[in-house]
Asks: 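One structure coming up, written as structure tokens, with questions to follow.
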Amino acid sequence: MTQLCLVRHGQTDWNRIGRYQGQSDVPLNANGHAQAKSLAAQLKEQTFSAIYASDLMRARETAAPIAKEAGLPVQFDERIREINQGEWEGQLVDDIKARNANLWAQRIGDPASVRPLGGETVGEVAARVHTALDDIARLHPDGTVLVVSHGLSIATAICRARGIPVGQAYTVIPENVQPVWMEWD
């Protein structure tokens, strides 16, 4: 069985102000870089078989100091990217709620099946993330693997591991750089 350490990327300016990032390629802010360095120090004694990260800049920048400490390369996988928020990407959450009240209400009621225009459903995110984690587990069947990804992507994995319906993923999103350990079978 593979032991996964799932880590949400460090803070970005968009996190701080409540702007939907989705798959927009937003870098870490100064606090996010400090968080990544602190996490690298925290995980310094941990032995990883491999390190994987989303190909988006905020995940790459979070993984880099950890990989340097571990002496391992980072393998990038776009399947563990954040949800595609479609037309909502780059917008403030409060503005999205005001401009798209009906669709927002539908999405809150059924996030597993309802998507923003041009975006993904939570169910679609779960399918691609779980497939990627299944592949990683097959490659490292008895290893401990660090995976640096995004809040909702990690939340879908938490749902699977804990038997929580994927429609409740928004309720289990971890904080930035909070390690979430789980066995992935």
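In what follows, residues are counted from 1 in the order of the sequence shown.
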Asks: Is there a path of hydrophobic side-chain contacts, each under 4.5 Å between heavy atoms of I/L/V/M/F/W/Y residues, joining Val125 to Val93?
Replies: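 Different clusters: Val93 never reaches Val125 through Ile, Leu, Val, Met, Phe, Trp or Tyr contacts under 4.5 Å.
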Asks: Would Thr144 and Trp181 count as a side chain to side chain contact (heavy atoms under 4.5 Å, CB included) here? Give the steps.
Replies: CA-CA 10 Å; Thr144 300; Trp181 292 88; 3.7 Å; yes
Asks: Is a side-chain N or O of Arg107 found less than 3.5 angstrom from the main chain of Val114, in a donor-acceptor match?
Replies: yes
Asks: Side-chain contact test, heavy atoms from C-beta onward, threshold under 4.5 Å: evaluate it for Leu72 versus Phe48 and give yes or no.
Replies: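 Side-chain contact under 4.5 Å: yes.
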Asks: Under 4.5 Å between any side-chain heavy atoms of Val177 and Ser38, yes or no?
Replies: no
Asks: With the side chain counted from C-beta on, respond yes when Thr62 and Leu28 share a heavy-atom pair under 4.5 Å apart, and no when they do not.
Replies: yes
Asks: Considering non-hydrogen atoms only, spot the tightest contact between Arg8 and Pro174 and give its length.
Replies: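 That closest heavy-atom pairing would be NH1-O, 2.9 Å.
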Asks: Just verifying a value: how many Å separate Asp135 CG and Arg138 CZ, rounded to the nearest 0.5 Å?
Replies: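 Reported value, rounded in 0.5 Å steps: 4.5 Å.
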Asks: Looking at Ala112 and Val166, what are the two nearest heavy atoms and their distance?
Replies: CB-CG1, 3.9 Å
Asks: Could you tell me the separation between the CG atom of Asn31 and the CG atom of Asp13, rounded to the nearest 0.5 Å?
Replies: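 Between atom CG of Asn31 and atom CG of Asp13 there are 9.5 Å.
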Asks: Quick one: do Val148 and Leu139 end up in the same hydrophobic cluster if we chain Ile, Leu, Val, Met, Phe, Trp and Tyr together by side-chain heavy atoms under 4.5 Å apart?
Replies: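 Result: no, two separate clusters.
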Asks: About how many Å separate CG of Asn15 and NE2 of His9, when rounded to the nearest 0.5 Å?
Replies: 5.0 Å
Asks: Carefully, step by step, assess Val147 and Val145 under the rule side chain to side chain contact (heavy atoms under 4.5 Å, CB included).
Replies: CA-CA 6 Å; Val147 178; Val145 179; 4.1 Å; yes
Asks: Closer than 4.0 angstrom, basic N to acidic O: yes or no for Glu78 and Arg128?
Replies: no
Asks: Is it the case that one hydrophobic cluster holds both Leu43 and Leu4, taking links as side-chain heavy atoms less than 4.5 Å apart, direct or via other members?
Replies: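 No; tracing contacts between hydrophobic side chains, which count when under 4.5 Å, never links both residues.
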Asks: Heavy-atom distance under 4.5 Å between the side chains of Ile158 and Val180, does that happen here?
Replies: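 The answer is yes; the side chains approach within 4.5 Å.
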Asks: Could you give the distance from CD (Gln178) to CG (Asn176), rounded to the nearest 0.5 Å?
Replies: 9.5 Å
Asks: Are His130 and Trp184 near enough that their ring centres are under 6.0 Å apart?
Replies: yes
Asks: Got Tyr170 and Val122 here, is their nearest side-chain heavy-atom distance under 4.5 Å?
Replies: yes
Asks: Could you walk me through whether Thr156 and Glu124 pass side chain to side chain contact (heavy atoms under 4.5 Å, CB included), step by step?
Replies: CA-CA 10 Å; Thr156 69; Glu124 290 167 337; over 6 Å; no
Asks: Heavy atoms only: give me the nearest Ser153-Ile80 pair and the separation to one decimal.
Replies: OG-O, 3.8 Å
Asks: Are any side-chain N or O atoms of Ser49 and backbone N or O atoms of His140, one a donor and one an acceptor, separated by less than 3.5 Å?
Replies: no
Asks: About how many Å separate NZ of Lys37 and CD1 of Ile66, when rounded to the nearest 0.5 Å?
Replies: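 It comes to 12.5 Å.
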Asks: What distance separates Ile154 CD1 from Ser149 OG, expressed to the nearest 0.5 Å?
Replies: 5.0 Å
Asks: Regarding Tyr52 and Arg79, do their side chains bring together a donor and an acceptor under 3.5 Å, going by distance alone?
Replies: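 No, Arg79 and Tyr52 have no side-chain donor paired with an acceptor closer than 3.5 Å.
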Asks: Can you name the closest pair of heavy atoms from Ala70 and Ile51 and give their distance?
Replies: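 Answer, listing the atom of Ala70 first, then Ile51: CB-CD1, 4.1 Å.
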Asks: Using modelled atom types and a 3.5 Å cut-off, is there a donor and acceptor pairing between side-chain atoms of Thr121 and backbone atoms of Arg115?
Replies: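 Side chain of Thr121 to backbone of Arg115, a donor-acceptor pair under 3.5 Å: no, none is there.
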Asks: Would you say the side-chain atoms of Gln11 and Asn29 include a donor-acceptor pair closer than 3.5 Å?
Replies: yes
Asks: Could you tell me whether the side chain of Glu82 reaches within less than 4.5 Å of the side chain of Leu152, counting heavy atoms only?
Replies: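 Yes, their side chains come closer than 4.5 Å.
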Asks: Report yes if the side chains of Leu92 and Ile17 come closer than 4.5 Å at any heavy-atom pair, otherwise no.
Replies: yes
Asks: Under 3.5 Å, is there a donor-acceptor pair between the side chain of Ser113 and the main chain of Asp110?
Replies: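 No.
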Asks: Can a donor-acceptor pair be found, under 3.5 Å and without considering hydrogens, that links the side chain of Asp185 to the backbone of Met1?
Replies: no
Asks: Nearest heavy-atom pair of Leu103 and Pro116: which atoms, and what distance?
Replies: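 Scanning both residues completely, I find the closest heavy atoms to be CD2-CA, 4.0 Å.
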Asks: With a 4.5 Å cut-off on side-chain heavy-atom distances among I, L, V, M, F, W and Y, is there a chain of contacts connecting Val7 to Ile173?
Replies: no
Asks: Is there a donor-acceptor contact under 3.5 Å from the side chain of Gln91 to the main chain of Glu87?
Replies: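 Pair found, side chain donor or acceptor close to backbone of Glu87.
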Asks: Trp14 versus Glu89: any side-chain heavy-atom pair under 4.5 Å?
Replies: no
Asks: Does the pair Val74 and Arg60 meet the rule for a side chain to side chain contact (heavy atoms under 4.5 Å, CB included), with working shown?
Replies: CA-CA 8 Å; Val74 180; Arg60 293 191 329 253; over 6 Å; no
Asks: Under the salt bridge (Lys or Arg N to Asp or Glu O under 4.0 Å) rule, what pairs show up with a residue in residues 162-180, not counting sequence neighbours?
Replies: none
Asks: Check this for me, if you would: do Asp55 and Arg81 make a salt bridge, where the nitrogen-to-carboxylate-oxygen distance has to be below 4.0 angstrom?
Replies: yes
Asks: Can you tell me if His150 and Ser54 form a side-chain donor-acceptor pair at under 3.5 Å?
Replies: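 Note: His150 and Ser54 side chains meet the donor-acceptor criterion.
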Asks: Just checking, any donor-acceptor pair under 3.5 angstrom between side chains of Thr12 and Gln21?
Replies: yes
Asks: Report yes or no: do Leu133 and Leu146 belong to one cluster of Ile/Leu/Val/Met/Phe/Trp/Tyr joined by side chain heavy-atom distances under 4.5 Å?
Replies: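 No, Leu133 does not connect to Leu146 through the hydrophobic network.
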Asks: Ion pair present between Asp134 and Arg160, side-chain N to carboxylate O less than 4.0 angstrom?
Replies: yes
Asks: Using every non-hydrogen atom in the two residues, find where Asp77 and Ala132 come nearest and quote the distance to one decimal.
Replies: OD2-CB, 4.0 Å
